[in-house]
Amino acid sequence: MAVTTKVIDYKDSEGTTFEGVVYIPENAKNVPAVLVFPAFRGITEFEKDKGHQLAELGYFAFVADVYGKGVRPTERAEAFATMSPLVSNRVDKLKPRLFAALDSLKTFSEVNQSNIAAIGYCFGGLCVLDLARYNAGLKAVVSFHGTLKPIPDSPLDKINGTSVQVHHGDADFHIGKDQVDGFHEEMRTRDVDFVFVSHAKAVHAFTEPEADSFNAPGVGYNEKAAKRSWKATLGLFREVFV
């Protein structure tokens with residue numbers, strides 16, 4: 001299927017400008033849409049490729065920019081320095097940026113407003129889980145090796161109508177057992193339709209083919225886990241998009 005790619009600017013409630021990338025399937029009209037939230041480096045070719053793959057399957061894909069236009073960290077330390085203020089203030093700093101992407105996606109006439117999902121990798125996994133926690137009206141969210149910690153000092157309200165799927169590396173010590181156990185308890189308390197998959201021998205960033213080049217402890221690509229998690233994601237979309 002032919003795909004049209006567009007780079008777009010959008011703003012959040014604080015006036016910060018972001019630069020996202022949209023992928024529009026040929027002859028798209030009232031089609032389901034998927035937000036793609038990047039890992040800690042911000043938008044890279046990896047997330048762009050996922051967006052293109054989704055559009056080839058007939059979904060409108062929107063790769064979200066959480067850092068801001070022109071903010072593209074190239075070094076690991078720089079990326080963490082950019083991400084940290086958002087993670088440490090998820091309600092005041094990160095939340096407006098998440099909803100800015102969602103609101104921008106909804107402005108496209110090709111999108112079926114009732115059939116929107118979100119996927120995210122690493123930091124992006126935290127982003128999509130937070131959208132579910134905020135009851136953003138998504139059909140589904142999928143987190144790949146994402147942070148699982150709840151929003152601090154936030155009520156554990158019921159999550160309505162959003163299916164949650166989490167893909168976790170069983171050997172990922174960056175996301176410890178305390179987070180995993182706490183996440184299960186949170187989802188139960190919130191009465192969520194959730195699936196949690198722990199992939200054997202997979203470490204952090206297991207979906208990213210370039211992960212081995214990061215030269216970071218406990219980080220690496222796992223082809224089997226990457227393929228299985230993607231297949232499960234597409235299966236969930238076929239289930240929830242009506």
Side-chain angles (χ1 to χ4, degrees), residues 7-12 14-22 34-53 61-102 104 118-131 141-152 166-169 171-176 179 202-222 225-226 229-230:
V7 178
I8 63 155
D9 286 357
Y10 62 99
K11 293 185 178 182
D12 68 2
E14 297 181 343
T16 303
T17 301
F18 302 90
E19 185 178 81
V21 188
V22 298
V34 182
L35 278 166
V36 181
F37 283 91
F40 75 105
R41 295 182 294 168
I43 297 176
T44 68
E45 291 304 314
F46 173 78
E47 290 84 13
K48 292 177 182 178
D49 182 60
K50 290 299 180 186
H52 200 279
Q53 288 180 46
F62 185 119
V63 180
D65 171 21
V66 182
Y67 288 161
K69 185 173 182 177
V71 182
R72 297 292 184 267
T74 56
E75 300 294 334
R76 179 180 171 85
E78 182 186 6
F80 276 107
T82 306
M83 178 184 70
S84 292
L86 300 176
V87 174
S88 63
N89 194 345
R90 285 155 67 179
V91 175
D92 293 333
K93 293 296 184 182
L94 181 58
K95 182 180 179 180
R97 299 180 179 217
L98 305 182
F99 277 91
L102 177 59
S104 181
I119 66 174
Y121 299 85
C122 185
F123 171 49
L126 176 145
C127 292
V128 303
L129 291 173
D130 276 6
L131 280 173
V141 301
V142 182
S143 166
F144 303 87
H145 43 85
T147 300
L148 304 174
K149 294 178 180 178
I151 301 169
V166 171
H167 294 280
H168 169 72
D172 183 355
F173 59 75
H174 295 280
I175 310 296
Q179 280 197 52
V203 295
H204 198 62
F206 64 79
T207 60
E208 295 205 36
E210 294 184 3
D212 293 337
S213 68
F214 295 169
N215 295 318
V219 173
Y221 178 61
N222 185 302
S229 58
W230 187 242

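Numbering starts at 1 and runs along the sequence shown.
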Would you please name every residue forming a ring-ring contact (aromatic ring centres under 6.0 Å, His included) with [X], sequence neighbours left out?
X: Tyr67; answer: none
X: His167; answer: Phe144, His199
X: Phe37; answer: none

Pairing residues for [X] by the salt bridge (charged side-chain N to carboxylate O under 4.0 Å, His left out) criterion, not counting sequence neighbours:
X: Glu47; answer: none
X: Glu78; answer: none
X: Lys69; answer: Asp9
X: Asp49; answer: none

Worksheet item: Using the benzene-type ring in the case of Trp, are the ring centres of Phe40 and Phe123 under 6.0 Å apart?
Response: no
Taking C-beta and beyond as the side chain, do [X] and [Y] meet within less than 4.5 Å on heavy atoms?
X: Phe46; Y: Pro209; value: yes
X: Cys127; Y: Leu94; value: yes
X: Val71; Y: Thr82; value: yes
X: Trp230; Y: Thr207; value: no
X: Leu148; Y: Ile175; value: yes
X: Ile119; Y: Val141; value: no
X: Tyr10; Y: Glu19; value: no
X: Lys48; Y: Ile43; value: yes

Worksheet item: Within a radius of less than 6.0 Å around CD of Glu14, do more than 12 heavy atoms belonging to other residues, nucleotides or ligands occur?
Response: yes
Practice prompt. Keeping the roles fixed (side chain from Ser84, backbone from Ala81), state whether a donor-acceptor pair exists under 3.5 Å.
Written response: no
Practice prompt. Show your reasoning for whether side-chain contact (heavy atoms from CB on, under 4.5 Å) applies to Ile151 and Val91.
Written response: CA-CA 8 Å; Ile151 301 169; Val91 175; 3.7 Å; yes
Practice prompt. Report the residues that fulfil side chain to side chain donor-acceptor pair (under 3.5 Å) with Ser229, sequence neighbours left out, ordered by chain and then residue number.
Written response: none
Fill in: Partners meeting side chain to side chain donor-acceptor pair (under 3.5 Å) with Arg76 (sequence neighbours left out)
none
Discussion item. Any carboxylate oxygen within less than 4.0 angstrom of a Lys/Arg side-chain nitrogen, looking at Arg41 and Glu208?
Written reply: yes
Worksheet entry | Pairs satisfying salt bridge (Lys or Arg N to Asp or Glu O under 4.0 Å), at least one member in residues 85-102, at least two apart | Arg90-Asp130
Worksheet item: Quick one: salt bridge (Lys or Arg N to Asp or Glu O under 4.0 Å) pairs with a partner in residues 141-152, sequence neighbours left out?
Response: none
Could you grab the distance from atom [atom1] of [X] to atom [atom2] of [Y], nearest 0.5 Å is fine?
X: Phe62; Y: Ile8; atom1: CZ; atom2: CD1; answer: 3.5 Å
X: Ser104; Y: Asp12; atom1: OG; atom2: CG; answer: 11.5 Å
X: Thr147; Y: Leu129; atom1: OG1; atom2: CG; answer: 9.0 Å

Worksheet entry | Phe18/Lys11 under side-chain contact (heavy atoms from CB on, under 4.5 Å): CA gap, chis, key distance, verdict | CA-CA 6 Å; Phe18 302 90; Lys11 293 185 178 182; 5.6 Å; no
Enumerate donor-acceptor pairs with a distance under 3.5 Å from any side-chain N or O in residues 211-222 to protein atoms, sequence neighbours excluded.
unit_1, atom_1, unit_2, atom_2, d
Asp212, OD1, Tyr221, N, 3.1
Ser213, OG, Glu210, O, 2.6
Asn215, ND2, Ser213, O, 3.4
Asn222, OD1, Lys224, N, 3.3
Asn222, OD1, Ala225, N, 2.9

